[in-house]
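Both backbone and side-chain heavy atoms feed into the values below; hydrogens, waters and symmetry mates do not.
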Amino acid sequence: MSGTFVPRLRRTVRLSWWRTLGAFRSGVHRWRASLQIRVVTSTLVVGTVALLVLGGYLSGWIRDGLFDERVGQLLEESARAAQQAQSNFNAAGTPTPAEVSALMRDLVYRLQSSGSGQPEVFLRRAPGDSPILVNDQVTNEALTGLITPELRAAVQSSDKQTWMSVAIPQPDGVRDPGILVGSLVNVPTAGTYELYFLYSLAAEQRTLAFVQQVLAAAAAGLVALIGVMTFLVTRQAVRPVRGAARVAQRFADGHLSERMTVKGVDEMATLARSFNDMAGSLQDQIGRMEEMSRMQRRFVSDVSHELRTPLTTIRMAAEVLYAARVDLDAGAARSAELLATQLDRFEELLADLLEISRFDAGAAMLDAESVDVRDVVTTAIEQAGPLAQRKGVWLRVELPAERVVADVDPRRVERVLRNLLVNAIEHAEARPVEVRLAQDNRALAVSVRDHGVGMTPEEVAHVFDRFWRADPARARTTGGTGLGLAISIEDAHLHGGRLEAWGREGHGAVFRLTLPLRAGLTIGDPPLPLAPPREPREVAPTDRLGPAAVPDLDPLEAP
């Protein structure tokens, strides 16, 4: 039984702890997310602290006032009672010890009944004053312990009244506040005696407790009133702001006809009218921009389609000239070769323009299927192999031994990798290009790195822009269209992935493609780093490797 109770208790405590922590975090989040709650709680905290300080000060001031006033009254009363007792003793003449004892007993009870609140009276013989012994007279023997030796010494050494605060025990265990006043009187025949009056301050304590309760109730009511007033005031100010935020959110989501409700002529109404004017102006501008963009996309698409027919005719004529170039003179033959090359590039440009226009129009479709991405990487490397051989660039490929299966469009992923490889080979300056593939439980990543000229941070920020080139004076040896990376990043976004770049001038560049393994998965940290783990060293000419070789499936390392 005990063996299962302890684990169950631990689970219960742990569950309670997590629930409490979750409730606390939820409360903190709600407090941070609501301006009204923050203002109300801040006002209540400040108001409560101020009322506590003020209430404490008033309570102390009232307590001290009641105590001082009551002590003054009791000192005057005890002084008159001591004077009356001394007069009675003086009028007694020279009585016998028995008469003195009776006189003292009668006087003690008479002083008790004549005093306010019926104080306890103690008449005690001062030590070493007279050889005649007369017993002490007290009204309550149980309270004689309140007369401390220090008080007796102070009374015996002074001809004035001496007093001290005491706590008077009650039968129910409660201790009431009180004061003990002492003075000296001369008793005929018996000598000097100490006369003490014990006054209770329970009535004053009850009065102070009542005043404190009234102050506490007033403070609680005032705090509640402050909270309600703050809530109502902040609600009047926050509700229009919340409405503006809600309308702005819907406006940002594409509902351009959303407007705020205008009520009254105050500052919030002015804000609502200004917001509506701004929203109307933005709607007009967005409409004009959408129309211009639509016209631009249609123009690009129409031009691209219309150019296909004359381009086909020119291509047929160019092929005839190119086939007959051996019979032409050197200049005409060279022109035929240039014409064929530029026609190839022109066709690629038209194809890229059509593809870009599809992305702009939102008409690009993803034909996803479950494939082993290693095969897609290998196909892209095979297509880039001839260019790498011509450039003298060695391709280092690292592929995982297990299958990397993902739901992707093989044609688009292959096009992205081909663009990255061609770009890396062109800028590698005969140094190795590294291709790596890795995956985790949510995503896969392919990185392509070269050790060539590299890029500055400013160039990295624009590398995916259309028709952008880092160095306009640099010749484009592969005849690219300037749209490859722009199309690549659109392909990555179409998959729900990312295409990122890193570069450092003189140390090469890295492009990383990250794609989710399944549609709808959120990509966390990519399984491959973007920047190199340490400062890359510049490859010396003697370290340059041989021409590219195309791997099958196993990684191919440099010899």
Side-chain angles (χ1 to χ4, degrees), residues 22-48 50 222-301 356-364 457-458 461-462 464-466 468 486 489-490 492-494 496-500 520 522-524:
F24 174 76
R25 289 178 177 176
S26 177
V28 171
H29 174 73
R30 187 174 181 181
W31 183 83
R32 295 181 61 185
S34 175
L35 175 63
Q36 186 175 9
I37 294 178
R38 290 204 305 273
V39 173
V40 172
T41 53
S42 301
T43 304
L44 288 178
V45 169
V46 174
T48 302
L222 188 57
V223 168
L225 181 61
I226 291 175
V228 172
M229 293 176 60
T230 306
F231 175 80
L232 294 177
V233 172
T234 54
R235 186 184 180 198
Q236 293 180 359
V238 169
R239 286 184 65 184
V241 176
R242 288 177 177 172
R246 184 169 54 254
V247 172
Q249 182 64 38
R250 288 185 57 81
F251 193 89
D253 291 339
H255 303 279
L256 302 182
S257 60
E258 286 290 327
R259 297 294 185 271
M260 290 184 62
T261 303
V262 180
K263 295 181 179 179
V265 292
D266 57 3
E267 290 82 359
M268 290 301 175
T270 303
L271 173 63
R273 282 192 293 269
S274 301
F275 183 90
N276 292 341
D277 294 341
M278 179 190 68
S281 177
L282 287 176
Q283 183 179 10
D284 295 340
Q285 294 182 21
I286 291 173
R288 288 195 297 268
M289 292 177 63
E290 288 180 347
E291 183 63 25
M292 291 177 60
S293 178
R294 190 161 45 249
M295 293 175 61
Q296 181 182 10
R297 292 195 301 267
R298 183 175 179 181
F299 173 77
V300 172
S301 179
I356 284 291
S357 66
R358 293 191 189 97
F359 282 118
D360 292 340
E458 292 78 10
H462 297 281
F464 296 108
D465 293 349
R466 300 175 183 182
W468 183 86
I489 196 171
E490 295 292 347
H493 292 165
L494 192 62
R498 298 195 298 262
L499 181 58
E500 301 161 287
T522 302
I523 298 176

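The two residues F464 and L499 come nearest to each other via the heavy atoms CE2-CD2, 3.4 Å. Contact record, V262 with R273: CG1-NH1, 3.5 Å, taken as the closest heavy-atom pair. The shortest heavy-atom contact between E458 and H462 is O-CD2, 3.0 Å.
When the side-chain hydrogen bond (donor to acceptor under 3.5 Å, both in side chains) test is applied to R235, no partner is found at least two apart in sequence or on another chain. Legend: residues meeting side chain to side chain contact (heavy atoms under 4.5 Å, CB included) with S274, ordered by chain and number and at least two apart, are T270.
To the nearest 0.5 Å, atoms CD1 (I37) and CZ (F231) are separated by 9.0 Å. The structure places CD of Q285 at 8.0 Å from CE of M289, a figure rounded to the nearest 0.5 Å. The CE atom of M278 sits 10.0 Å away from the CE atom of M260 when rounded to the nearest 0.5 Å.
Judged by distance alone, with hydrogens and angles left aside, the side-chain atoms of S281 form no donor-acceptor pair with the main-chain N or O of D277 at under 3.5 Å. Remark: side-chain polar atoms of T48 are paired, donor with acceptor, to backbone N or O of L44 under 3.5 angstrom.
The one candidate from I226, V228, L232 that meets the side chain to side chain contact (heavy atoms under 4.5 Å, CB included) condition with T230 is I226.
Crowding of M229 atom CE: a count of heavy atoms from other residues, nucleotides or ligands under 6.0 Å not exceeding 12.
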Please tabulate, one pair per line, all N/O donor-acceptor pairs under 3.5 Å involving side-chain atoms of residues 245-253, not counting sequence neighbours.
| residue | atom | partner | partner atom | Å |
| --- | --- | --- | --- | --- |
| Q249 | NE2 | D253 | OD1 | 3.4 |
| R250 | NE | E258 | OE2 | 3.0 |
| R250 | NH2 | E258 | OE2 | 3.3 |

